[in-house]
Each structure stands twice: as structure tokens, then as C-alpha cells.
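Below you'll find the structure, written out as C-alpha cells, and then a few comments.
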Amino acid sequence: MEISKLLSALNPAQRDAATADSQHLLVLAGAGSGKTRVLTTRITYFCQHFDLSPWSIMAVTFTNKAATEMRGRLEELLGMPTKQLWIGTFHGLAHRFLRAHWAEAGLPQNFQILDSDDQTRLLKRVLKDMNLDEEKWPARQAAWFINSQKDEGRRARHISHNGDLFLATMQKVYAAYEEVCQRNGVIDFAEILLRSHELWLNNPTLLAHYQGRFRHILVDEFQDTNSVQYAWLRLLAGKEGMLTAVGDDDQSIYGWRGAKIENIRRFQQDYPQAELLRLEQNYRSTGVILKAANAVIANNSDRMGKNLWTEGTDGEPIKLYAAFNDLDEAQFVARSIEQQIGRGYARREIAILYRSNAQSRLLEEALLRAGLPYRIYGGQRFFERAEIKNAVAYLRLLGIRNDDIAFERVVNLPVRGIGDKTLETLRELVRAEGLSMWSAAETVIKQKLLPAGAIAKLAAFLHLIETLDAGTREAPLHELVDAVIKQSGLWQHHEKEKGEKGQARLENLQELVVAAREFDWDEDDAPSPLAAFLDHAALESGEQQAGEFEDAVQMMTLHSAKGLEFPLVFMVGMEEGLFPHEMALQENNLEEERRLCYVGVTRAMRQLYITYAEIRRLYGNESCKTPSRFIREIPAALVQEVRVKTQPVSSTPSPFRSNTPSVAVPRQTTLGGNESGEGALRLGQRVSHPKFGKGTILNFEGNGPNARVQVNFTDVGSKWLVAQYARLETA
DNA sequence: GAAGGGTGTCTTTTT
DNA sequence: GACACCCTTC
């Protein structure tokens with residue numbers, strides 16, 4: 001596309017950002033300010049206006065989704081295939097360097113990637129081998145420790161423990177883990193970045209080569225970079241390269257996994273000449289929504305500073321609903337969605353955002369009852385499913401016999417009578433001789449170190465892998481996958497499984513064959529289709545695409561909503577302790593929670609609903625909640641409280657009581673002729689009914705003897721009853 | 001080695 | 001309250 005035409009479609013700030021020719025550029029891009037558009041236009045501008053070859057541009061993102069999207073848009077803009085453009089995630093690009101220079105990086109050519117699940121399993125082994133009590137030294141904690149060290153660029157040898165037992169132990173574990181990984185030829189996610197960084201540090205010529213090649217590096221979501229990622233970028237950009245960082249300090253919500261919001265400031269310190277531009281005009285949300293977002297985020301200290309504005313109208317006020325419990329909240333959301341669909345919203349335009357996944361269940365149930373199709377984002381991904389990981393483990397063994405993680409995973413799956421005793425013998429050999437499990441097995445067989453029965457079973461397994469490998473050398477990838485699934489016995493194993501679960505697993509395995517058939521092998525990436533496919537499986541967890549185009553209400557955590565937008569948004573569970581989350585408060589992370597709130601509010605385009613419950617059941621016990629402080633941070637004038645029918649509202653003060661005393665509400669409504677003390681029916685009251693059993697009062701309608709009461713019974717669900725006939729007793 | 005019971009955990013998530 | 005994980009049992 002013609003560049004002048006592209007530029008004329010941008011506003012002045014966007015145009016400045018797209019065309020700035022300073023060597024170092026920092027763009028603070030507010031939510032909905034057209035950031036991706038600026039990035040892609042900037043790349044196009046540099047290609048066309050400066051005649052810079054796409055070959056010399058690198059664009060880095062955090063998720064595969066963002067990378068794919070950017071590539072798609074660029075293909076459109078540039079009007080040509082973008083294969084030579086290096087667009088990808090940090091991990092994807094770093095991995096590419098490692099594949100190309102495996103020897104210099106100190107890796108075997110066929111090194112494999114360990115996902116977090118593999119990592120934890122491996123660490124469990126390591127801890128066990130070190131005779132560390134797993135109660136006291138959980139694998140997950142060790143994994144967390146190692147990953148955060150790697151995120152900071154530290155190796156085991158860099159850790160000084162000063163006699164601290166925890167640090168000293170973790171250092172030993174880290175060192176042992178490094179060794180096992182090296183011996184097995186596997187690298188975890190954090191290692192991909194660290195290793196790639198070290199590759200350049202140790203090979204100045206190589207670094208110089210790439211510095212010469214990549215003349216312009218652009219990073220998206222810069223506020224989410226961790227220390228290694230930032231160091232990696234700086235190193236690659238070098239003295240000559242141009243570096244464009246686009247980000248929003250107000251949307252930094254991944255501090256807990258190593259992201260360094262400080263990198264934005266560091267960028268300015270490290271590149272004092274850097275140009276700073278702000279994109280503040282928002283094209284997404286109404287004035288009301290933006291004012292609310294601005295007001296909330298203004299409570300954070302030490303911001304870079306930014307104020308979103310729009311030329312659009314104010315739009316509808318934010319609707320606030322105080323539910324008396326979590327069930328009521330879910331029902332309210334379902335009812336409101338039905339209403340809004342009646343007013344013309346499509347289901348897919350509506351999102352429910354929550355702080356933690358546990359909240360989704362009640363909402364799901366309410367949507368289900370209302371007959372509203374929904375789709376939940378997040379949850380288990382395709383390549384993380386157990387059955388898929390099993391099949392992949394077989395594939396990995398075909399690739400490298402020495403892959404102990406894969407070996408351990410499937411040596412007895414499906415069961416072939418290779419038990420703990422056999423494996424312990426192998427592991428001992430592994431420890432003593434530094435062998436892999438596979439070669440240990442070969443030794444055990446050759447030297448008959450076990451009873452004949454065990455030897456035979458072990459030999460049969462090795463034979464199975466060898467035969468599979470030999471028989472599929474020439475076969476296309478999907479046939480290989482199919483053969484592995486069938487001949488390993490995995491297929492039969494799941495066929496025998498009863499219930500829907502086995503069926504679902506078979507379908508997933510089938511899907512793996514399909515994925516293999518559709519997989520496009522790029523020779524630059526890996527030496528064989530199988531190797532490339534395994535990398536793909538590790539690096540792209542395979543977000544479920546199925547059902548993506550179905551018209552369904554969208555449900556997800558606030559975190560996974562980042563980068564998305566929806567005409568109608570429900571932010572639910574806005575209670576102290578839940579959002580901001582208790583843990584965050586304890587760890588003094590209130591500001592990050594507030595940024596998360598900012599992210600949530602700015603997802604909404606036309607209308608925002610906020611709900612909270614006064615009583616919520618969490619982890620089995622009910623507790624009283626107070627409205628989130630974030631609600632109070634929204635100016636009252638932007639908010640309209642919603643009441644359902646002649647509802648008794650609020651047993652706790654409205655968050656706006658201080659601003660609008662006239663809204664003060666009677667404390668609690670009691671019902672029927674039984675207003676004195678003990679038998680009184682209240683919202684949230686546990687009651688029992690002679691026929692329906694126990695339940696909780698959800699709702700009232702009307703007054704006096706004809707009042708109706710809605711009870712959610714444990715066994716039969718929710719029912720409306722006329723109070724005077726219901727013979728409800730408080731339970 | 002599958003099934004059942006007991007125990008502990010329970011914020012957010014990509015790669 | 002739900003689920004995963006570990007251990008024991010048959």
C-alpha cells in the first residue's frame with residue numbers, strides 16, 4: 001500500500017510515532033490508541049520510505065497470537081509475503097538463533113524444549129536424587145526459584161548464599177538441574193532466552209553479524225519485558241541499531257512473573273537521546289469509560305503519565321450492581337446479558353472478566369441455565385493435555401533416544417509391566433555412569449542385570465521404539481504421528497477407557513494427526529519435519545481454535561483480556577480481598593492490581609458493568625465482603641447503581657454513601673409476619689423446606705403474606721415460593 | 001496397577 | 001468445595 005495514504009489515515013501523534021527517525025524511540029501507547037497500527041505502519045514506512053529491506057527488521061512480541069496478527073497486517077500493508085521478516089515472540093526468535101548456532105551455544109543439534117510441566121517433573125527427579133525431602137523442598141518452588149534466577153540472567157554459579165540454607169540448597173538444586181538438562185540436551189523456556197543471550201556474549205563475531213543485519217528492532221508490550229529480555233534487546237541493537245519500544249506502564253500486570261516495569265525508565269536512562277512519544281487519543285471506549293479508567297489509575301504513584309481522551313461521546317454511565325451473594329451476582333450477569341442481547345448486542349460482543357479462574361464456575365452455571373452459549377478462554381491448552389504430551393513423548397524418543405524425560409513418561413504407558421524396580425535400576429546406572437535412561441536400558445539388557453522377565457519387557461519397549469523409527473523414516477509427518485499413536489498402544493489404551501473422557505482423548509489424538517498433516521515445515525527452523533513439529537508443540541501451546549467463531553459470550557480472567565476489546569464488559573467480583581486480591585495486598589502489590597483494574601475497564605467499548613457480592617463462598621466457606629476500593633476510585637458521577645425490582649439492597653454501606661447520602665438504603669428486609677428476631681428470613685439466610693430440603697434465600701418479591709421468596713436449594717436448584725405457604729424454616 | 005481414601009492446596013500465565 | 005496428588009490396599 002502507498003505509504004502516504006497509510007500515514008494520512010493516522011492522527012498526528014500516531015504519525016509522529018510511525019515516522020520518527022530517532023535511533024531510540026519509546027512510545028507510550030495508551031489502551032486503544034492504535035498501537036499495533038502504529039507499529040505496522042512504522043515497519044512499512046521504513047521499508048518503503050527508507051528502502052530498508054524487510055530482512056533487516058525484527059519485530060518482537062510476547063504471544064504467538066500477537067506475532068501472527070502483526071504478520072498478517074504487515075502482509076496486507078506491504079503487499080508481499082513477509083517470510084523474510086523476523087516477527088515472533090522473544091522465545092520464538094531466541095530459539096531460532098539457538099537452532100542456527102546450536103554448537104556455539106553449547107547444545108546438541110537435536111536439543112529439545114522443556115515445558116513447565118516437564119520442568120517440574122524433572123526437578124522432582126533431581127530433588128529426589130539429591131535426597132531432599134519433597135515436603136520441605138517442593139519441586140514447584142525450585143522451579144520458581146530457578147526460573148526467576150534465569151529471568152535475571154543468573155546461573156547457579158552466580159548465586160551467593162552467604163550461608164543461607166534456602167539459598168544454598170536452591171543453588172545446589174539449580175546446579176544439579178543445569179547439569180541434568182545439559183546431559184539430556186533439553187532447555188526450558190527461561191533457558192531459551194538466557195542461552196541465546198549468552199550465545200552472543202560468548203561469540204562477538206556472531207553478535208556483530210546479527211547487529212549488522214538487524215538495523216531496526218521493534219518491541220511490543222515493552223512493559224512486560226524481564227531483565228534478560230531487555231538485555232537481549234540492547235545487545236542485539238548494539239551501537240548502531242534502531243530500537244523502537246512500544247508499551248504502556250499502566251498496563252504492566254506481569255510483575256509476578258518477572259516483568260520489569262522499570263525497564264521503561266531504564267530505557268530512557270540507557271538511551272538518554274531517546275525520543276518519547278505518547279499516544280493518548282483513544283478510539284475504543286466512551287468518554288465515561290475513559291474517565292473512569294483515568295481516575296482509577298491516577299491513584300498509582302510514579303507513573304510515566306498519560307491521559308486518555310476521546311473525540312467520541314460520553315455514552316452510558318457505568319452500571320454498578322451490589323449483589324448480596326455470588327449466586328445473585330451470577331444471575332444478575334446472566335439476566336443483564338439476556339436483556340442486552342434483546343437490545344441488539346451479539347453474544348460475542350459481550351465479555352465477563354474476573355480476577356481468578358475459580359470465579360467462572362457460578363457464572364457458567366448461570367449462563368447455562370439461561371441458555372446462553374459461552375466460551376471460556378484460558379484453561380488447558382492443546383499441547384498440554386496429558387494424552388497429547390504422551391504421544392509427543394514418543395515422538396521425542398524417536399528424535400532423541402537420550403531424552404530421559406520422554407523415556408520416563410512413556411516407558412510404561414500404556415502399562416507394559418515395566419515397574420519401579422526396573423526403573424530404579426536404570427536410574428542408578430544413570431547416576432553412576434552418567435548414562436541416559438535409554439543407554440542404561442541397553443546396558444541392563446546386554447549385561448542381564450535384571451530377571452529375565454523384566455529384561456524381556458524392557459527389550460520389547462526398546463524394540464518398539466526402534467521399529468517405529470525404522471518403519472517411519474520415509475513417511476510423511478502425519479503418518480508417523482499416526483503410526484506412533486497406534487503402534488505404541490496409546491490409542492488402544494484410551495479406547496479401553498470408559499466414559500466420555502476416553503472418547504475426548506481419542507479425538508485429541510486424532511487432532512494431533514491433523515495438526516501434523518497441516519503442519520508447515522520451514523527448513524530454516526529445524527533439521528527435520530519432526531524436529532520442527534516438536535518445537536512447534538513446545539513453543540506454541542496451541543490455543544484451542546475450535547469454536548472461536550461461534551457466537552458466544554466471552555469469559556476470561558482480567559489478565560487474559562489484555563489486548564482485547566469488547567463492546568459490553570462485565571467486571572465481576574469487585575470486592576476487597578478478591579480484587580485487589582488478598583495475596584497481592586499482602587505482598588504490597590496494590591498498584592499492579594490497580595493496573596489490572598485499569599486494563600479491565602479499558603477493555604470496554606460502549607458499556608461497562610461492575611458487580612460485587614456482599615457474601616461470597618470461596619474455598620468452601622462463606623465470607624462477607626466489602627466493595628473493592630477500585631469502585632470508590634471511580635467518580636460517582638460516572639456510575640449508576642442498578643437495583644433489581646423492589647430489591648432489598650446492601651447490608652453493607654454503598655460505596656457511594658458518603659457522596660450521595662440520599663441513596664442510603666434500609667439495612668435489611670425481613671419478610672412475612674415473622675419479623676421478630678429468630679425466625680426472620682433474610683437474604684442469604686440458610687433455610688430448609690419440608691420437600692425441597694436445604695437452601696439459601698436468593699431474592700424477595702413483594703411484601704406481606706403474598707410475598708414471594710426465591711430459594712436456591714442444594715438439591716433441586718432455585719425456586720420461587722410464596723412465603724406464607726412455603727413453610728420455610730431457618731436452618 | 002487400578003481404585004479408593006486421605007491430605008493439602010487453592011491469583012494471575014506465556015513461552 | 002473441588003481437585004490434584006500421594007499413599008495404601010487388594
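Heavy-atom basis, side chains included; hydrogens, waters and symmetry copies ignored. Letters go in sequence order (proteins before strands), and every chain restarts at 1.
Counting non-hydrogen atoms under 4.0 angstrom, A:Y619 reaches a base of the nucleic acid. When heavy atoms are screened at a 4.0 angstrom cut-off, A:N357 is found touching the sugar-phosphate backbone but no base atom.
If you check distances only, the side chain of A:S116 does reach the base of B:dT15 with a donor-acceptor pair under 3.5 Å.
Contact check, A:Y254 against B:dT15: no side-chain N or O comes under 4.0 Å of OP1 or OP2.
A salt bridge links A:R303 to A:D250: one of the charged nitrogens lies within less than 4.0 Å of a carboxylate oxygen. The pair A:K625-A:E575 fails the salt-bridge criterion, with no side-chain N (NZ, NE, NH1 or NH2) lying under 4.0 Å from an Asp/Glu carboxylate O.
A cation-pi arrangement is absent between A:R595 and A:Y598, since the terminal nitrogen or guanidinium carbon is not both under 6.0 Å from the aromatic centre and inside a 45° cone about the axis.
For A:F97 and A:Y210, the gap between ring centers is short of 6.0 Å.
Contacts between residues 572-585 of chain A and DNA chain B, counted as heavy-atom distances below 4.0 Å, involve A:H581, A:M583, A:A584.
In terms of the ring-ring contact (aromatic ring centres under 6.0 Å, His included) criterion, A:H493 has no residue partners (sequence neighbours excluded).
A distance cut-off of 5.5 Å between ring centres, combined with a plane angle under 30°, places A:W256 in a stacking arrangement with the base of B:dT12.
Within a 6.0 Å sphere centred on CZ of A:R140, other residues, nucleotides and ligands contribute 12 heavy atoms or fewer.
One side chain, A:S227 or A:E152, offers a donor N or O that lies under 3.5 Å from an acceptor on the other.
A:F189 places none of its side-chain heavy atoms less than 4.5 Å from the side chain of A:F90.
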Distances for protein N or O near nucleotides 6-9 of chain B N or O, under 3.5 Å:
none

